[in-house]
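I am attaching a structure below and will ask some questions about it afterwards.
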Amino acid sequence: MVGIVVVSHSARLAAGVVELAREMAGGEVPIAAAGGLDEPGEPLGTDAVRVMAALQEVGERADGGTLVLMDLGSAILSAGDANYWYESG
């Protein structure tokens, strides 16, 4: 099964997309959110460490690979870094 990681600058947006995707896909599809910065109040931004944690969470259950959905440019950079660390690690 293919898993999904949603990377967004907004933690609330990422969580909302995951909520909607789970409603459509059911509980068996591994889906995780990686949004906002790991700081009080989860300000806007992307955090490669959060993305890597989401990749690990989903990767444990996704034997068919993981689809990473991103919103803006630096989310692509964070996801790329996270993927490199995940595969190296």
| Counting only heavy atoms not in Glu39, do more than 12 sit closer than 6.0 Å to its CD atom? | yes
| request: Go through the steps for Met70 and Ser78 under the test side chain to side chain contact (heavy atoms under 4.5 Å, CB included), then give the verdict. | output: CA-CA 10 Å; Met70 300 153 283; Ser78 292; over 6 Å; no
| message | Quick check on the hydrophobic clustering: are Ile76 and Tyr84 connected, directly or via other members, by side-chain heavy-atom contacts under 4.5 Å? | response |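 Yes, because Ile76 and Tyr84 connect within a single hydrophobic cluster, where side-chain heavy atoms sit under 4.5 Å apart.
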| request: Indicate the atoms forming the closest heavy-atom contact of Ile31 with Ala25, along with that distance. | output: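 That would be CD1-CB, 4.5 Å.
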| message | If hydrophobic clusters are built by linking Ile, Leu, Val, Met, Phe, Trp and Tyr wherever their side-chain heavy atoms come under 4.5 Å apart, do Trp85 and Val68 end up in the same one? | response | yes
| query | For Ala11 and Glu42, which heavy atoms make the closest approach, and how far apart are they? | reply | CB-OE1, 3.5 Å
| So which heavy atom on Ile4 is nearest to which on Leu69, and how close? |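 The pair with the smallest heavy-atom distance is CG2-CD1, 4.1 Å.
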| query | Between Pro30 and Glu60, is any pair of side-chain heavy atoms under 4.5 Å apart? | reply |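 Side chain of Pro30 against side chain of Glu60, heavy atoms only: no contact under 4.5 Å found.
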| request: Kindly give the heavy-atom pair with the smallest separation between Met52 and Ala82, and that separation in Å. | output: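 Closest heavy-atom pair between Met52 and Ala82: N-CB, 3.5 Å.
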| said: Quick check: is Val6 connected to Val58 through a chain of hydrophobic side chains (ILVMFWY, heavy atoms under 4.5 Å apart)? | reply: no
| Separation between OG1 of Thr66 and CD of Glu57, rounded to the nearest 0.5 Å |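 The CD atom of Glu57 is 10.5 Å from OG1 of Thr66, to the nearest 0.5 Å.
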| said: Same cluster or not: Leu77 versus Leu37, using hydrophobic residues (I, L, V, M, F, W, Y) connected whenever any side-chain heavy atoms lie under 4.5 Å apart? | reply: no
| said: Tell me the closest heavy-atom pair linking Gly35 and Arg50, and the distance in Å. | reply: O-NH1, 2.6 Å
| message | Would you say CZ of Arg61 has more than 12 non-hydrogen atoms from neighbouring residues, nucleotides or ligands within 6.0 angstrom? | response |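 For Arg61, atom CZ is crowded (more than 12 foreign heavy atoms under 6.0 Å).
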| said: According to a hydrophobic-cluster definition based on side-chain heavy atoms being under 4.5 Å apart (Ile, Leu, Val, Met, Phe, Trp, Tyr only), do Leu44 and Val18 belong together? | reply: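 Result: no, two separate clusters.
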| Ser8 and Leu13: which non-hydrogen atoms are nearest, and at how many Å? |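 Minimum heavy-atom contact is OG-CD2, 3.4 Å.
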